[in-house]
Visitor: 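For reference, the structure I am asking about is given below.
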Amino acid sequence: MERFDNHTFVICAYKESKYLEECIKSVINQNVKSNILISTSTPNTYIENLANKYNLPLAINTGKSGIGEDWNFGVSQAKTSYVTVAHQDDIYNPEYLEEIVK
């Protein structure tokens with residue numbers, strides 16, 4: 001399987017979104033693999049359990065929060081040149097990363 005190590009999906013999670021797991025699955029199931037992390041300013045057992053279930057790092061914003069601050073925090077946690085900010089209710093087609101890498 002092809003891998004693009006210079007990209008990270010940053011999944012921004014807020015409270016207990018019923019769509020979060022589907023978002024996680026959609027980025028895990030990309031045709032081209034990359035880094036994935038979950039970022040939140042509202043840590044809770046639900047988010048922590050999903051991070052553990054899929055073995056994903058969880059970054060917790062303990063500073064100023066709000067959608068802009070949370071997304072900027074999430075991007076700052078990525079160690080790659082390219083980042084896709086994935087909102088918790090976004091679903092990505094399996095070809096998404098493959099196409100943007102081109």
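Index from 1, following the sequence.
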Visitor: Would you find a donor on one side and an acceptor on the other, under 3.5 Å apart, between the side chain of Q30 and the backbone of N93?
Guide: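 Yes, because the side chain of Q30 sits within donor-acceptor range (under 3.5 Å) of the backbone of N93.
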Visitor: Can you tell me how far OG of S76 sits from CG of N61, rounded to the nearest 0.5 angstrom?
Guide: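 Those atoms lie 8.0 Å apart.
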Visitor: Any side-chain to backbone donor/acceptor pair from D89 onto Y19? Under 3.5 Å, distance only.
Guide: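 No: the side chain of D89 does not pair with the backbone of Y19.
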Visitor: Roughly how far, to the nearest 0.5 Å, is CZ of F9 from CG of D90?
Guide: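 Here the rounded value is 10.0 Å.
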Visitor: Same cluster or not: Y46 versus I36, using hydrophobic residues (I, L, V, M, F, W, Y) connected whenever any side-chain heavy atoms lie under 4.5 Å apart?
Guide: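 Yes, Y46 and I36 fall within the same hydrophobic cluster.
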Visitor: In Å and rounded to the nearest 0.5 Å, what is the NE2 to CD1 distance from H87 to I11?
Guide: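 Reported to 0.5 Å precision, the distance equals 12.0 Å.
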Visitor: Are I100 and T84 side-chain neighbours, meaning at least one heavy-atom pair lies under 4.5 Å?
Guide: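 A side-chain contact under 4.5 Å exists here.
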Visitor: Check whether Y54 and Y92 end up in the same hydrophobic cluster, where Ile, Leu, Val, Met, Phe, Trp and Tyr are linked by side-chain heavy atoms less than 4.5 Å apart.
Guide: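 They do share one cluster, since a chain of ILVMFWY contacts under 4.5 Å joins Y54 to Y92.
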Visitor: Could you check if a side-chain atom of Q88 sits within less than 4.5 angstrom of a side-chain atom of Y14, using non-hydrogen atoms only?
Guide: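 SC-SC contact between Q88 and Y14 confirmed.
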Visitor: Quick one: CG on N72 to CD1 on I67, what's the gap to the nearest 0.5 Å?
Guide: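 It is 10.5 Å, given to the nearest 0.5 Å.
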Visitor: Do L58 and L50 belong to the same hydrophobic cluster, where Ile, Leu, Val, Met, Phe, Trp and Tyr are linked whenever their side-chain heavy atoms lie under 4.5 Å apart, directly or via other members?
Guide: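 Yes.
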Visitor: D70 and side-chain hydrogen bond (donor to acceptor under 3.5 Å, both in side chains): which single residue from S39, S41, S65 fits?
Guide: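 Answer after filtering S39, S41, S65: S41.
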Visitor: How are the rings of H7 and F4 set to each other: parallel, tilted or perpendicular (split at 30° and 60°)?
Guide: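 The arrangement is parallel - the two ring planes meet at less than 30°.
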Visitor: Taking a hydrophobic cluster as the set of Ile, Leu, Val, Met, Phe, Trp and Tyr residues connected by side-chain heavy atoms closer than 4.5 Å, whether directly or through intermediates, do L97 and V83 fall within one such cluster?
Guide: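 Cluster IDs for L97 and V83 differ.
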Visitor: Is there a donor-acceptor contact under 3.5 Å from the side chain of T40 to the main chain of T42?
Guide: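 Side chain of T40 to backbone of T42: a pair is present.
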Visitor: How long is the span from the CG atom in N29 to the CD1 atom in I24, to the nearest 0.5 Å?
Guide: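 Between atom CG of N29 and atom CD1 of I24 there are 11.5 Å.
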Visitor: Are any of the side-chain heavy atoms of V85 and C12 separated by less than 4.5 Å?
Guide: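 Yes, side chains in contact.
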Visitor: Would you please test N35 and T80 for side chain to side chain contact (heavy atoms under 4.5 Å, CB included) and show each step?
Guide: CA-CA 9 Å; N35 303 289; T80 55; 3.5 Å; yes
Visitor: Does any part of the side chain of Q77, heavy atoms only, come nearer than 4.5 Å to the side chain of L37, both counted from C-beta?
Guide: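 Yes, close enough: below the 4.5 Å cut-off.
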Visitor: Tell me whether V32 shares a hydrophobic cluster with Y82, the cluster being built from Ile, Leu, Val, Met, Phe, Trp, Tyr side chains joined at under 4.5 Å.
Guide: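 Cluster IDs for V32 and Y82 match.
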Visitor: Should the heavy atoms of other residues, nucleotides or ligands under 6.0 Å from NZ of K25 be counted, would the total exceed 12?
Guide: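 Check passes, neighbour count above 12.
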Visitor: To the nearest 0.5 Å, how far apart are CG in N31 and CD in E95?
Guide: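 Rounded to the nearest 0.5 Å, the CG-CD separation comes out at 5.5 Å.
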Visitor: Would you indicate whether N55, at its atom CG, is surrounded by more than 12 heavy atoms from other residues, nucleotides or ligands within a distance under 6.0 Å?
Guide: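 No, not enclosed.
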